[in-house]
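In the text below, chain A, chain B and the rest are named by the order of the sequence lines, each starting its count at 1.
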Amino acid sequence: MATTSLRTIGRSVCRVSRRGFSTSCDDKLVQPSSKSTNLYSAINQALHIALETDPRAYVFGEDVGFGGVFRCTTGLADRFGKSRVFNTPLCEQGIIGFGIGLAAMGNRAVAEIQFADYIYPAFDQIVNEAAKFRYRSGNQFNCGGLTIRAPYGAVGHGGHYHSQSPEAFFCHVPGIKVVIPRSPQQAKGLLLSCIRDPNPVVFFEPKWLYRLAVEEVPEYDYMLPLSEAEVIREGSDITLVGWGAQLSVMEQACLDAEKEGISCELIDLKTLIPWDKETIESSVRKTGRLLISHEAPVTGGFGAEISASIVERCFLRLEAPVARVCGLDTPFPLVFEPFYMPTKNKILDAIKSTINY
Amino acid sequence: MVLDLPGGKVVLTPEMRFISESPEERAQCYRVLDNDGQLIMCSNFKKVGEEIAVKMYTDMVTLQTMDAVFYEAQRQGRISFYATTIGEEAINIASAAALTTDDLVFPQYREPGVLLWRGFTLQEFANQCFGNKADYGKGRQMPIHYGSNKLNYFTVSATIATQLPHAVGAAYSLKMDRRNACVITYFGDGGSSEGDFHAALNFAAVMEVPAIFFCRNNGWAISTPTSDQFRSDGVVVRGRGYGVRSIRVDGNDALAIYSAVHAAREMAISEHRPILIEAITYRVGHHSTSDDSTKYRPVDEIEWWRSARDPVARFRKWIESNGWWCSEAESELRNNVREQLLHAIQVAEKIEKPPLAELFMDVYDVPPSNLCEQEKLLGETVRRNPQYYPPDVSL
């Protein structure tokens, strides 16, 4: 997995990222208080800051008290006390329902679902309650302080119930936001934005990267904007769009494609709903080609929404059909994981056939 | 011999004894007034003075009259839907009377009396039913989906029992903020079967929150009688399953309800604990205007509960026996309220609907670009073909 190259992705010290193109990161610039940090530590930092800066912020979920099964909540209970950082009973609908009630009282409720695979018992509370809380009350009430965090995605051996990418289900729900970070530095800033955003947010964390992804992460409090996609690699022949852990796979494919003379532009969507159509459209107008890649099964995956929207906007500009390199339409398999996954070679094949259409 | 286990000490026994599926005796039902509205001897209850008692009674009558008038309005096609609270007036009003307006209410949908007690006006009820511009909900939901942040009454949602875990989170917030207040959340016998009931009671006990769980066991979940709903001794016994203190009360006895809720509130706040109250009653009305309950239950059963067990008449007898009420006051009240209701409906009917922009607001705190785009396109569509769209929604 590409860890060192992740360091050059993104602009570390940006309070507000500019729309459109990112400059290649000037990593000779000395970041005064940045440290080499992995994903779970970056998330942990964000949670520490969230609780520090708002006395009415709470973190709760299964096993968060001792630090969590992925160590994202390490040290929080010791520092902020068990009444602000606490374990809940094993009941996802209860965790989220409780979080909605807490948020409805103006608190910041950061609820953890242990694996995204287990979020479904809470689906009713998320779709029918959280997403509609403000709208149905005529804005008399809201649960904007709710943030739901869940580890998602392939981990090499997770099988059906430790590998899922359920983002598409949530992208179909007006009233919530769905955010997926690609790296530690991104995760910290995005998570703080999610926690402070006045809308309920589902934040999927790529578990594959919890330990593996390491980069310079500023130690201070910073936020990255939601609903703004980022061009993390400039190119002119084809636009690639992805999110989360998939971006580093796509980046490898871009590097290989470059060796064959194909110039790829790579975009991190970051917020899936509401999503930044303008940045994607602007890129496709430049390149004339689009490839979307996600781990979730291809049918009904979020790539379909991006594809349909871009075809609507850029039909005459497109040189080739929009390509989707995604998971297969099967439950997430164990021994067959390497065949199921949208790997670098599949992406490279799709880049080439799109270019050669 | 005692074994020390995670979770505490447990006494060992060589006897293999199963705990019976049902108790030897059903849980007793607390009541203060007999069927004729007279105080039962040696009844232990929280005294209610004349002012509160008369307000309780007049609100029960108002609720009863509002139900009759709005039900008729639906039958006449003036509002699209309605659900009455007939038979449960005591539950609505007496439970509200035992609380303060600082206590948060998470209703199901058969508790408009709680809003009424707190000061929601007949006009405000009518506005929501007509979904007009003055509806606080901005015309987005069906009739009877009331809400009032001013009165601490969370907006009704039709989904069953989803409010129960919300109530727990809100109660936790009250505890953390050291507020002298509790939450009360209402649900029916049907709602007690939902997973959210189990989730909420368990969380409430573990988090030690000041929450009153008020079950209106009215015998029916639409057409499903309680015998098809659960095999436990009602809902009250479930409290023990979660470590929650509980009580069963006569749901048609306003004084019993008042006392129980008053006591529950004190325990909830001072001891940081949830309390479960099961009020046994009968849903005299149909489930809603979309239901005809004579299809699944005998008409004479309904009529018996409507008259012989009317909680309003029963309470009336008690206040009359105290010299606080008389038949002149009765007819004056009923006439006044009926007039006010008819007027409120006439006014509500004439107020225009909210403007089309309200379709797109409040999905998020600020409309995102996709909604701005859709709003623009919709505006163009409507302007091109206004004949396909209701004229009482302005662009």
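Chain A forms the most heavy-atom pairs under 4.5 Å with one residue out of B:A199, B:G137, B:S369, and that residue is B:G137. With respect to chain A, the highest number of heavy-atom pairs below 4.5 Å among B:M361, B:H198, B:Q163 belongs to B:M361.
Looking at B:V206, only its side chain comes within 4.5 Å of chain A, counting heavy atoms on both sides. Using a 4.5 Å cut-off between heavy atoms, A:I95 contacts chain B through both its backbone and its side chain. For B:Y146, no part sits under 4.5 Å from any heavy atom of chain A, backbone or side chain. Contact annotation for B:L359: both backbone and side-chain heavy atoms come within less than 4.5 Å of a heavy atom of chain A. Both the backbone and the side chain of A:N139 come within contact range of chain B, with heavy atoms under 4.5 Å apart. For A:F86, the part lying under 4.5 angstrom from a heavy atom of chain B is the side chain only.
A:F170 and A:F123 have their aromatic ring centers within a separation under 6.0 angstrom.
Applying the salt bridge (charged side-chain N to carboxylate O under 4.0 Å, His left out) test to every pair with at least one member in residues 124-142 of chain A, sequence neighbours left out, gives these pairs: A:E129-A:R136.
Checked by atom type, the side-chain pair B:S173/A:N107 shows a donor-acceptor distance below 3.5 Å.
Using a 4.0 Å cut-off between a side-chain N of Lys or Arg and a carboxylate O of Asp or Glu, B:K133 and B:E358 do not qualify as a salt bridge. Ionic pairing of A:R285 and A:E278 is not present here: no N-O contact between side-chain nitrogen and carboxylate oxygen is shorter than 4.0 angstrom.
Partners of B:Q128 under the side-chain hydrogen bond (donor to acceptor under 3.5 Å, both in side chains) rule, at least two apart in sequence or in another chain, do not exist in this structure.
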